[in-house]
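In each ligand, atom 1 is the first atom listed, and ligand 1 is the first ligand listed.
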Amino acid sequence: MSRITRRDALAGTASLALAWPSAGLAQVGRPAIPFGSAAQIEPFRADPRYREALKTYCNVIVPMNDLKWEALRHDRSRFDFSGADELVAFARGNKQALRGHALLWGMALPPWAKEMSTKAEAERELISHIETVVDRYKGVIPTWDVVNEVIAHDPTLEEPYRDTIWQRLLGPEHIEIAFRTAAQIDPEARLVINDYDFEDTDPRIVRRRAAALSIIRDLRDKGIPVHGLGMQAHLYGERAIDTPGLQHFMQDLGTLGVDVEITELDVIDWKLPAVARERDSTAANLVSTFLNAVVPARQPKAIVTWGLSDRYSWIGETFARKDSAKARPLPLDEDYRPKPMMKVLDRYRLGTS
Ligand code: G3I
């Protein structure tokens, strides 16, 4: 059982003198960072402007839902790769890189998977699922969110793990089983632990950062190939970015030899003013503060937003505004026009000085 060590909880003594990555920049200010978006199959099929925006702005594509168990395994006896294959073909056709999301999650499971009842059954299903999916996309999907959201929403020293069917049936070992299986099938793949709520100053968020470090350290100590931490970065508009906390976090990930990628960036703007211009500016400033905290400290392998246009986002439904104004969480507005947030992202995706 991995525990959040006191060392992790007290982490923060690391130096803040974080040099900007030298990376042979010569006279250019910033190296370009691969940028992309999650792609949702429904608008992908229905809206030509959605596909066009993915082509225009992205060099990374992540199937939003079509590599989840819910999409791949509606019945236990066979895999349905139709949606995933369509998005993979699109990305390959446009010479865009792919991220796979997600080999193990406690949500978005088909009904039969929720009925699993023994350790042996869960281990058998988990291993065969990962073997099949990783093998199919070996050499095509080079980076996987091997596990998604395995950290407790509010972790404690006693219980850092999220209560999922995998944790209940397999215990903490579910994480290493997933990583070991993925690595056996594709030793070249970059394997990532992906999670949310690392970005602000709330004590719960500080505990989550400590839990992530403790879990990753435990895995690395066992020789489990964890290459990266995926920070989902669903940023709350009304909360302050914890710049020093994030810089220490990046430093600590560096000490563990673990990369970072930003995997689901958007802004939860339900508590921000209704006026679009004001809301967009606040959201852009929040993203800028977040990236200014992370990128100089540990250059992300990619920056991925959870969608591109406000026309399609999970935020509006999940975080409904009292004034019923529409959510504006993403870099393009409903008509695919760039907002101030895209200008901020341009600084990173285009590698400008
Ligand atoms: O495709 C079916 C469609 O055929 C059906 O008519 C419709 C109504 O039942 O459902 C459609 O599937 C939905 C799917 O989104 C595609 O739109 C699922 O019910 C719905 O549960 C699913 O929600 C997704 C959610 O993850 C759960 O998988 C969201 O789009 C997606 O944005 C969200 O993304 C998650 C990340 O994977 C992990 N981090 C948090 C993030 C936001 O919750």
Side-chain angles (χ1 to χ4, degrees), residues 36-47 50-51 53-54 58 60-75 79-87 98-114 129 133 141 143-153 162-166 175 178 192-200 205 208 212 228-237 260-270 290 302-320 326-332:
S37 170
Q40 191 172 3
I41 196 71
E42 293 87 357
F44 176 82
R45 287 173 172 161
D47 183 346
Y50 185 88
R51 287 195 300 276
L54 290 174
C58 299
V60 183
I61 296 288
V62 183
M64 182 179 278
N65 297 309
D66 290 85
L67 284 169
K68 294 173 182 172
W69 283 58
E70 187 175 47
L72 293 176
R73 310 292 305 278
H74 10 90
D75 62 55
F79 286 74
D80 174 3
F81 287 108
S82 57
D85 283 352
E86 202 173 330
L87 294 171
L98 281 147
R99 296 192 80 259
H101 173 84
L103 297 173
L104 175 151
W105 190 16
M107 296 172 73
L109 292 169
W112 65 263
K114 295 173 190 168
H129 178 88
V133 177
I141 297 181
T143 303
W144 280 100
D145 290 338
V146 174
V147 297
N148 185 51
E149 304 181 9
V150 294
I151 299 171
H153 181 71
R162 190 150 183 203
D163 176 24
T164 68
I165 191 161
W166 304 110
I175 301 173
V192 172
I193 174 170
N194 189 54
D195 225 305
Y196 66 97
D197 278 2
F198 294 126
E199 298 84 14
D200 62 65
I205 306 304
R208 286 182 59 80
L229 171 75
M231 287 203 293
Q232 291 182 10
H234 297 296
L235 305 179
Y236 284 86
V260 72
E261 34 216 284
I262 296 161
T263 54
E264 304 183 14
L265 179 61
D266 51 23
V267 174
I268 301 168
D269 65 351
W270 62 340
F290 169 65
I303 298 174
V304 174
T305 52
W306 207 240
L308 280 175
S309 163
D310 295 338
R311 182 177 288 270
Y312 307 102
S313 168
W314 68 292
I315 297 283
E317 263 172 52
T318 312
F319 299 92
K326 284 194 173 181
R328 300 178 66 86
L330 289 167
L332 303 178

Looking at [atom], is any protein heavy atom nearer than 4.0 Å to it?
atom: atom 9 (O) of ligand 1; value: no
atom: atom 13 (C) of ligand 1; value: no
atom: atom 5 (C) of ligand 1; value: no
atom: atom 32 (O) of ligand 1; value: yes
atom: atom 19 (O) of ligand 1; value: no
atom: atom 28 (O) of ligand 1; value: yes
atom: atom 43 (O) of ligand 1; value: yes

Given [options], identify the one with the heavy atom nearest to [atom].
atom: atom 34 (O) of ligand 1; options: Tyr312, Trp306, Tyr196; result: Trp306
atom: atom 41 (C) of ligand 1; options: Glu317, Glu42, Glu264, Lys68; result: Glu264
atom: atom 36 (C) of ligand 1; options: His101, Glu70, Met64, Gln40; result: His101

Does an N or O from [X], backbone or side chain, lie closer than 3.5 Å to an N or O of ligand 1?
X: Glu149; result: yes
X: Gln232; result: yes
X: Trp314; result: no

Considering all heavy atoms, the nearest Met107-Arg162 contact =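 Result for this residue pair: SD-NH2, 3.7 Å.
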What's the shortest heavy-atom distance between Glu199 and Leu235, and which atoms?
->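 Heavy atoms only, the tightest pair is CG-CD2, 3.6 Å.
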Chi angles and distances behind the side chain to side chain contact (heavy atoms under 4.5 Å, CB included) call for Glu264, Val62 | CA-CA 10 Å; Glu264 304 183 14; Val62 183; over 6 Å; no
Distance-only, no hydrogens or angles: does the [X] side chain make a donor-acceptor pair with backbone N or O of [Y] under 3.5 Å?
X: Arg328; Y: Asp310; result: no
X: Arg208; Y: Ala152; result: yes
X: Tyr50; Y: Arg311; result: no
X: Trp306; Y: Pro329; result: no

Aromatic plane relationship, Phe81 with Phe79 - under 30° parallel, 30 to 60° tilted, over 60° perpendicular =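 The arrangement is parallel - the two ring planes meet at less than 30°.
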Atoms of ligand 1, numbered as shown, that sit under 4.0 Å from any heavy atom of Ala108 |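 With Ala108 as reference, the close atoms of ligand 1 come out as 28 (O).
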Within a distance under 4.0 Å of any heavy atom of Trp105, pick out the atoms of ligand 1 and give their elements.
->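 Reading through ligand 1 atom by atom, the close ones are 28 (O), 37 (O), 38 (C).
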Option from Asp66, Thr143, Asp145 for which side-chain hydrogen bond (donor to acceptor under 3.5 Å, both in side chains) with His101 holds |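 It is Asp145; the other options fail the test.
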Ring center gap for Tyr236 and Trp270 short of 6.0 angstrom |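 No, ring centres 6.0 Å or more apart.
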Would you mind checking which non-hydrogen protein atom is closest to atom 15 (O) of ligand 1, with the distance to 0.1 Å?
->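 Protein heavy atom at minimum distance: Asn65 ND2, 3.5 Å.
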With heavy atoms only and a cut-off of under 4.0 Å, state how Asn148 meets ligand 1: side chain, backbone, both or neither.
->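 Side chain only.
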Any chance you could measure Leu308, atom CG, to Ser313, atom OG, to the nearest 0.5 Å?
->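 The OG atom of Ser313 is 11.0 Å from CG of Leu308, to the nearest 0.5 Å.
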